[in-house]
S.K.: 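To start, I am sharing the structure in question, which I have written as structure tokens.
Nothing fancy with the numbering, it's 1 onward along the sequence. Treat the numbers as computed from the prediction; the structure is a model and nothing was measured.
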Amino acid sequence: MSFWGIKKPAASKQPKQKKAPGQKQGKKAQLLKDALVGICMCCLLATAISVTMGCAEVDSSDDSSDEAQTEVVDTSGDASSEQADAQDDAKEASESKAKATTSSSQSKQAKSEKLLVKFVDVGQGDASLIEFPDGKTMLIDTADGGSSEVVSTLRADKRTKIDYLVATHPDADHIGGLASVITSVKVASVWMPKATSSTKTYQNLLETIDSQGLSINTCYAGRKIASGKNYTAELLWPEKSAKYFNSNDYSAVVKLTYGKNTFLFTGDAPVEAESQCVSASVDVLKVSHHGSASGTNASLAKKLSPKIAVLSYGKNSYGHPTQVVLDALNSVDAQVFGTYVNGTVTVTSDGTKVKASAEKKGKIVAASKNAGASSQQLNSSGAGGGSSGKTSSKGSSDSSGSNKASSKSSASSAKSSSSSSSKSSNSDETVVITPTGSKYHLEGCRTTKRSSHLTKMKKSKAEAQGYTACAVCNP
């Protein structure tokens, strides 16, 4: 017989014996009893299993209920926590955004509060662009042929207006490109010294100023050109009623102050003029007359002691810059830049310190030892080492430094002047002058071949306007 699929081992076979009737009945009863016991055991086992499963279901139901209850409670707590976290995150995001906005605002404010001065590379000449923190702009000079560079720089810096345009003196290497600038960009005011010239370049500038409906503010010491938050631009030179022999002597000298920093723009002013009008050191110096010895010497360099000095010049035959000027600047540990070798030079000021950068690296090489040294005084007869808005193929400051220009001595100039005066008394012949030179010449003089514009006049008139005889053609 088997139970739950388990077979009982078979009993060993015994010899069959005949049983008595009572024994047979007892066997049957035993079998019945065993069957009943088995049935009872099955019932008990089934009951036990049913009870066990019922308890399990109750426990499971209870657990599910507990879990559900727990889940409800926990979900409520999580939602509250998540809401609080969301609020914290929103607060943090708001604070972060506020900080970012403040930081951005401060960054923009810090950037907008910086003053930029760009000494634009315009070849042999000057062009100084000043960008004030309040959005106003000043332009000091632009050489002949340099207007496109100045205008493109303005547009690149998103400057659409020149509030103050300063022409330091009538030479073409300072004013030659201003007429074009005036017709290309809106100009609010024009400042010029009371110096006249008969050159076409100068006359064209006057006509352009008039055609734009502008008037001229006269430059003289003591006048303030511009002022704003933390800055002023004032004139230190020329003297109000002075009359000078040389156009360079009229050069408007502009002092720009921003916070604690000072900038000095000198045009082609001679040493004597600068020494008279400047009383203290400066942070940034636009070196006078492209590095000619007429505008800087060791004594003046020591007085000014600039941290940064910029020579604005190009390839030329005038001996610019000179070794004596470079030596003078080096002696006061100035950081010296030259537009010919460094390109446009940018100086930034935050009102406390100044920092300079340039478009490219390059070493300044002197083109002469001391060209223009005889013209350091006011009313000197010399030309200060020459001045021209035109460039020459016989340039200076090349890598070899072999191209040198000699300066005329004061004795030679005096002799030339005396000779010309003697001849003028005998005959008042016609001579020619170049747009930027200080000499008068005979027509066909080789020194005038590179000038595109020549003005004819009587020799007596040329001398009356301060021109002296050319030592080459000796008119």
Side-chain angles (χ1 to χ4, degrees), residues 125-130 132 136-143 161-183 185-228 231-257 263-270 272-279 286 288-289 295 378-379 384 387 389 435-436 438 464-466:
D126 279 17
S128 302
L129 188 59
I130 303 164
F132 294 104
K136 293 187 176 180
T137 305
M138 178 183 290
L139 175 64
I140 303 178
D141 291 339
T142 296
K161 178 182 176 183
I162 297 173
D163 298 276
Y164 318 100
L165 185 148
V166 181
T168 59
H169 62 296
D171 290 355
D173 58 342
H174 290 259
I175 67 165
L178 288 179
S180 181
V181 170
I182 292 172
T183 57
V185 182
K186 183 178 180 181
V187 175
S189 65
V190 177
W191 295 75
M192 298 172 65
K194 201 170 184 178
T196 59
S197 173
S198 60
T199 65
K200 289 184 179 180
T201 298
Y202 181 72
Q203 296 302 322
N204 182 45
L205 175 58
L206 295 181
E207 290 171 4
T208 303
I209 292 171
D210 183 63
S211 69
Q212 297 296 312
L214 297 167
S215 58
I216 297 174
N217 297 281
T218 305
C219 291
Y220 56 81
R223 294 200 75 180
K224 186 180 291 184
I225 300 176
S227 63
Y231 73 81
T232 58
E234 57 188 318
L235 288 158
L236 305 183
W237 194 265
E239 295 177 339
K240 186 175 181 179
S241 57
K243 295 186 181 298
Y244 304 107
F245 177 81
N246 195 311
S247 64
N248 289 342
D249 297 351
Y250 283 98
S251 290
V253 176
V254 181
K255 178 185 177 183
L256 170 63
T257 304
F263 296 72
L264 192 67
F265 304 88
T266 57
D268 283 352
E272 184 180 357
E274 295 172 87
S275 298
Q276 286 185 21
C277 70
V278 184
S279 58
K286 197 293 296 181
S288 179
H289 206 171
L378 291 167
N379 294 317
S387 179
T436 59
S438 61
Q465 292 186 7

S.K.: If we only count heavy atoms from C-beta on, is the Q212 to V187 side-chain gap below 4.5 Å?
M.R.: no

S.K.: Nearest 0.5 Å please: distance from the CG atom of L264 over to the SG atom of C277.
M.R.: 6.5 Å

S.K.: How close do T142 and A127 get, counting heavy atoms only, and between which atoms?
M.R.: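 For T142 and A127, the tightest heavy-atom pair comes out as CA-CB, 4.1 Å.
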
S.K.: Distance check, rounded to the nearest 0.5 Å: E234 atom CD versus L256 atom CG?
M.R.: 9.5 Å

S.K.: Work out which heavy atom in G267 is nearest to a heavy atom in K286; give both atom names and the distance.
M.R.: O-NZ, 2.9 Å

S.K.: Taking the side chain as every heavy atom from C-beta outward, state whether V166 and L139 have any pair of such atoms under 4.5 Å apart.
M.R.: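 When only atoms from C-beta onward are counted, L139 and V166 do not touch, as no gap falls below 4.5 Å.
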
S.K.: Any idea which heavy atoms bring M192 and I209 closest together, and the distance?
M.R.: SD-CD1, 3.8 Å

S.K.: Do you know which two heavy atoms are closest between S197 and Y202, and how far apart they sit?
M.R.: O-CD2, 3.1 Å

S.K.: Quick one: sort the H174 and H169 rings into parallel, tilted or perpendicular, breaks at 30° and 60°.
M.R.: tilted

S.K.: Could you check if a side-chain atom of T266 sits within less than 4.5 angstrom of a side-chain atom of V278, using non-hydrogen atoms only?
M.R.: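 When only atoms from C-beta onward are counted, V278 and T266 do not touch, as no gap falls below 4.5 Å.
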
S.K.: Report yes if some heavy atom in the side chain of T208 is under 4.5 Å from a heavy atom in the side chain of T183; otherwise report no.
M.R.: yes

S.K.: Looking at S227 and T232, would you say the former's side chain and the latter's main chain have a donor-acceptor pair under 3.5 Å?
M.R.: no

S.K.: So which atom in P238 and which in D249 form the shortest heavy-atom distance, rounded to 0.1 Å?
M.R.: CB-O, 4.5 Å

S.K.: Rounded to the nearest 0.5 Å, how far does CG of L165 lie from OG1 of T137?
M.R.: 11.5 Å

S.K.: Looking only at heavy atoms, what is the nearest atom pair of Y244 and W237, with distance?
M.R.: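 Nearest heavy atoms, Y244 then W237: OH-CZ2, 3.2 Å.
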
S.K.: Would you say that Y250 contacts E239 through its side chain, given a criterion of any heavy-atom pair below 4.5 Å between the two side chains?
M.R.: no

S.K.: Could you walk me through whether F265 and M138 satisfy the side-chain contact (heavy atoms from CB on, under 4.5 Å) test, starting with their C-alpha distance in whole Å, then the side-chain angles of each, then the deciding distance to 0.1 Å, before giving a yes or no?
M.R.: CA-CA 12 Å; F265 304 88; M138 178 183 290; over 6 Å; no

S.K.: Donor-acceptor pair, N217 side chain versus W191 backbone, under 3.5 Å?
M.R.: no

S.K.: side-chain contact (heavy atoms from CB on, under 4.5 Å), that's the test. Do V190 and L178 meet it? Break it down for me.
M.R.: CA-CA 10 Å; V190 177; L178 288 179; over 6 Å; no

S.K.: Nearest 0.5 Å, please: how far is OG1 in T168 from CG in D141?
M.R.: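 Atom-to-atom, D141:CG and T168:OG1 are 3.5 Å apart.
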
S.K.: Hey, does the Lys NZ or Arg CZ of K240 hover above the aromatic six-ring of Y220, less than 6.0 Å from the centre and inside 45° of the axis?
M.R.: yes

S.K.: So, taking the atom named CZ in F263 and the one named CD1 in I130, what distance separates them when rounded to the nearest 0.5 Å?
M.R.: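 Output value for this atom pair is 8.0 Å.
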
S.K.: Side-chain contact test, heavy atoms from C-beta onward, threshold under 4.5 Å: evaluate it for N246 versus D268 and give yes or no.
M.R.: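 No, every pair of side-chain atoms sits at 4.5 Å or beyond.
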
S.K.: Examine the side chains of Q276 and E272 and answer whether a donor and an acceptor come within less than 3.5 Å of each other.
M.R.: yes

S.K.: Rounded to the nearest 0.5 Å, what's the gap from OG on S251 to CG on D171? Could you check?
M.R.: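 The CG atom of D171 is 7.5 Å from OG of S251, to the nearest 0.5 Å.
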
